[in-house]
Amino acid sequence: MENILRHIPKTDKLLKAKALEECNGVLLKKIIIEFLDIYRNNLLEGGARMEFEECVECIKEIYRKRTKKSLKSLVNATGIIVHTNLGRSVFSNEILEEIKPLLCAYNNLEYDLKEGVRSERYIHLKNLFAMLLGVEDVLVVNNNAAAVFLIFNTFAKNKEVIVSRGELIEIGGSFRIPRVMEDSGAILKEVGTTNKTYLKDYQEAINPNTAMLFKAHKSNYEIAGFSKEVSYQELIALAQERGLLDYYDLGSGYFGLKGLDILKKYEMPLEEIASLNPSLVSFSGDKLLGGAQAGIIFGKKCYIDQLKQNQLLRMLRVDKFTLAVLEATLMAYLQEKYEKIPTYKMLLQTKEILKKKAEKLLGLVQESFKPVILETKGYSGGGAMPNKALESFGIALSFKDEKQLEQLLREKGVIARIENGKVILDVMALLEGDERIIQKALLEIEESYAR
Ligand SMILES: *Cc1c(COP(=O)(O)O)cnc(C)c1O
C-alpha cells in the first residue's frame with residue numbers, strides 16, 4: 001500500500017508545473033490539495049495510476065472550470081425583444097462608453113457642487129423627465145415591483161386600495177398583485193368581475209378607509225370579447241372628485257415616438273399618460289424603455305415627497321450605474337439618438353430590414369441544415385402587447401432530431417425555438433455580429449456530426 005501512494009506527486013512540484021504557471025497560486029493550491037485527496041482515495045480503492053503530466057492536465061481542467069464565469073453572453077434568436085430570462089434590454093456600446101468615465105471615478109451622485117453639501121441621488125433625472133413628459137417629479141427604485149410595493153406601503157397601509165378583478169394579475173417570477181398589496185400592508189378591495197368593471201363599481205366601493213384607486217396593466221394576458229374596463233382618465237377624475245390618490249402600474253412604459261404606431265394601438269404611451277395629470281405612475285426601466293433595471297415613478301411632487309419620507313426607500317435605492325444608464329438613455333430619447341437604444345431600434349425594424357437580416361443569415365448557414373426563410377411572429381415582450389405579434393422573419397433548420405439541435409445550439413449560446421418540427425432562428429432580436437456566432441455554432445455542430 002505504501003508503495004502505491006509513493007507515486008502521488010508533491011504539491012510543491014505541481015504548483016511549479018509549467019502548464020499551470022498562469023494560474024493564481026492561492027486558488028491553485030486549494031485545487032491541487034483537493035485533487036490529490038481524491039486521487040489518493042482512488043489509488044487506495046484500486047484506481048489507475050496517473051503520470052505527472054496527466055495530473056497536471058486534470059488540475060488545469062478543474063481550474064478552468066472553477067474560474068469560468070457563470071454569466072455568459074447569448075444570441076437571442078427567440079424573436080422576443082424584451083426577454084426577461086435573457087436579461088431584458090440590451091445596452092449599447094455608445095451608452096456604456098458614455099457613462100464609463102463617470103463610473104470609474106468619484107461623482108456627484110449625492111453631492112451638491114454649488115453648495116458643497118449633501119444632495120439627493122434622485123434629482124439627476126428630474127429635469128429630463130420634466131422636459132420629456134412635463135411631469136413634476138420623479139423617483140427611481142430598484143425595479144417596478146419595488147415601486148408598486150413602496151407606493152402601497154406609503155399611501156395605503158391599513159387602508160383600502162380599490163382595484164378591478166380583471167387586473168389582479170400575476171406576472172412572471174410569481175409577482176402577484178394581490179400578494180404584493182397584502183405584504184405592503186394595503187387592504188385589497190376588489191371590484192367588478194373578471195371581464196367587466198364599470199366606473200360605478202369603483203364609486204360604490206369608496207368608503208372612509210379608501211386611500212387609492214389603482215390600475216394595473218394586464219401585461220401578459222388579455223381579456224377579449226365581452227369585456228369592459230374603466231379608463232385611467234375616468235379613474236383619475238373619480239379620484240380627484242373624492243379626494244383620493246390614483247395610481248397606475250404601467251408595467252412597460254414607452255415614449256410614443258414615430259414608428260411605434262402598432263404599439264400605440266394597444267398601449268398608452270408615457271406622454272399621453274403624463275398629460276392626464278395623474279397622482280402616481282410607475283413602470284420598468286428595462287422593458288420597452290430600453291434602459292437599466294429600475295422602477296421609475298413619476299407624478300405629483302407632493303406624493304413623490306411622501307415616498308421619499310418612507311424608510312423603505314433606503315432599502316430600494318438604486319446605484320449610480322442605474323442612474324447613469326437611465327440618464328444617458330433618456331438623453332438619447334431627448335436628442336432623438338435612438339441608435340443608442342437597442343430595444344427601441346429593434347422595435348422600429350421594418351419588414352424590409354428584417355427580411356435583409358434573414359437573407360444575410362441564410363447565406364451563412366450550411367446546406368446540410370436545409371435552411372429556408374420563413375415569415376415568423378416576433379414579440380415586443382416585457383408584458384406589452386401580449387397577444388400582438390410583430391411581423392418578422394426567421395430561418396427554419398432541418399435536423400434529424402430538432403430537439404437535439406435546439407439543445408446543441410443552446411449549449412453554444414444560441415437560443416432558438418422549435419416550431420412544426422423545425423428549429424427556428426428568428427432575426428427580430430438578433431444584434432450585430434450574432435449571425436457570425438450562429439454560423440460558427442452550426443459549423444461546429446455539423447463537424448461533430450460528420451465525424
Ligand atoms: C413587469 C411588471 C412589473 C414588475 O416590474 P419589474 O421591473 O420586473 O420589477 C410590475 N407590474 C407590471 C404590470 C408589469 O408588467
Side-chain angles (χ1 to χ4, degrees), residues 80-91 125 138-154 156 161 163-184 186 188 190 194 197 212-223 229-232 235 246-254 263 266-270 273 278 280-299 307 312-313 315-319 321-323 325-326 329-330 343 347 379-388:
I80 300 165
I81 299 174
V82 178
H83 197 307
T84 298
N85 301 155
L86 306 184
R88 288 205 183 154
S89 281
V90 170
F91 300 123
L125 302 180
V138 61
L139 186 64
V140 182
V141 290
N142 245 318
N143 50 41
N144 190 30
V148 176
F149 192 90
L150 178 69
I151 290 171
F152 286 152
N153 183 267
T154 307
V161 174
V163 57
S164 160
R165 287 200 168 87
E167 292 167 13
L168 289 173
I169 52 156
E170 170 174 325
I171 57 163
S174 64
F175 175 90
R176 287 183 164 185
I177 293 276
R179 271 305 299 275
V180 176
M181 276 185 151
E182 196 182 305
D183 290 350
S184 72
L188 170 68
E190 303 170 38
T194 305
T197 305
M212 183 190 295
L213 305 185
F214 171 60
K215 190 168 179 62
H217 185 271
K218 286 193 277 293
S219 288
N220 44 13
Y221 91 115
E222 191 179 67
I223 296 174
E229 112 181 47
V230 178
S231 73
Y232 189 38
L235 280 192
D246 59 84
Y247 166 41
Y248 193 174
D249 169 14
L250 275 182
S252 189
Y254 74 100
L263 256 172
Y266 297 86
E267 318 270 337
M268 243 203 296
L270 290 168
I273 292 161
L280 289 171
V281 172
S282 76
F283 63 100
S284 293
D286 58 350
K287 287 186 179 171
L288 292 185
L289 190 78
Q293 180 191 300
I296 300 169
I297 304 167
F298 69 77
L307 289 173
L312 260 178
L313 183 61
M315 279 74 99
L316 309 176
R317 86 175 184 191
V318 286
D319 180 44
F321 175 80
T322 306
L323 290 168
V325 170
L326 288 177
T329 305
L330 293 166
T343 298
L347 281 169
Y379 289 92
S380 67
M385 307 191 295
N387 286 324
K388 180 65 197 164

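Each residue takes its place number in the sequence, starting with 1. For ligands, and for the atoms within them, numbers begin at 1 and follow the listed sequence.
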Task: Which atom of Leu288 lies closest to which atom of Ser380, heavy atoms considered - done: CD2-CB, 4.1 Å
Task: Residues, nucleotides or ligands: over 12 heavy atoms within 6.0 Å of Arg179 CZ - done: no
TODO: Could you tell me the separation between the CZ atom of Phe152 and the CG atom of Leu312, rounded to the nearest 0.5 Å?
DONE: 13.5 Å
TODO: Would you mind listing which atoms of ligand 1 come within a distance below 4.0 Å of any non-hydrogen atom of His217?
DONE: 13 (C)
Open item on the list: So, 4.0 Å and heavy atoms of Arg88: is ligand 1 close enough to count as a contact?
Closed with: yes
TODO: Give the residue and atom name of whichever protein heavy atom lies nearest to atom 10 (C) of ligand 1, and the separation in Å to one decimal.
DONE: Asn144 ND2, 3.3 Å
Open item on the list: Can you report which non-hydrogen protein atom sits closest to atom 11 (N) of ligand 1, along with the distance?
Closed with: Asp249 OD2, 2.6 Å
Task: Enumerated ligand 1 atoms positioned under 4.0 Å from heavy atoms of Ala145 - done: 4 (C), 5 (O), 6 (P), 9 (O)
TODO: Looking only at non-hydrogen atoms, find the nearest pair between Pro278 and Phe298 and report the distance.
DONE: CG-CE1, 4.3 Å
- [ ] Do me a favour and list the nearest non-hydrogen protein atom to atom 15 (O) of ligand 1 with residue, atom name and distance?
- [x] Ser219 OG, 2.5 Å
TODO: Measure the distance from atom 3 (C) of ligand 1 to every protein heavy atom, then report the residue, atom name and distance (to 0.1 Å) of the closest one.
DONE: Ile171 CD1, 3.1 Å
Open item on the list: Assess the residue pair Leu313 and Leu307 against the criterion (side-chain contact (heavy atoms from CB on, under 4.5 Å)); give the C-alpha distance rounded to whole Å, side-chain angles, the decisive distance to 0.1 Å, and a yes or no.
Closed with: CA-CA 7 Å; Leu313 183 61; Leu307 289 173; 6.0 Å; no
TODO: Go through ligand 1 atom by atom and flag the ones less than 4.0 Å from a non-hydrogen atom of Ser284.
DONE: 5 (O), 6 (P), 7 (O)
TODO: Could you tell me the separation between the OH atom of Tyr232 and the NE2 atom of His217, rounded to the nearest 0.5 Å?
DONE: 14.0 Å
Task: Shortest non-hydrogen contact from Arg317 toward Asn142 - done: O-ND2, 3.8 Å
Open item on the list: Give me the residue, atom name and distance of the protein heavy atom closest to atom 14 (C) of ligand 1.
Closed with: Lys287 NZ, 3.1 Å
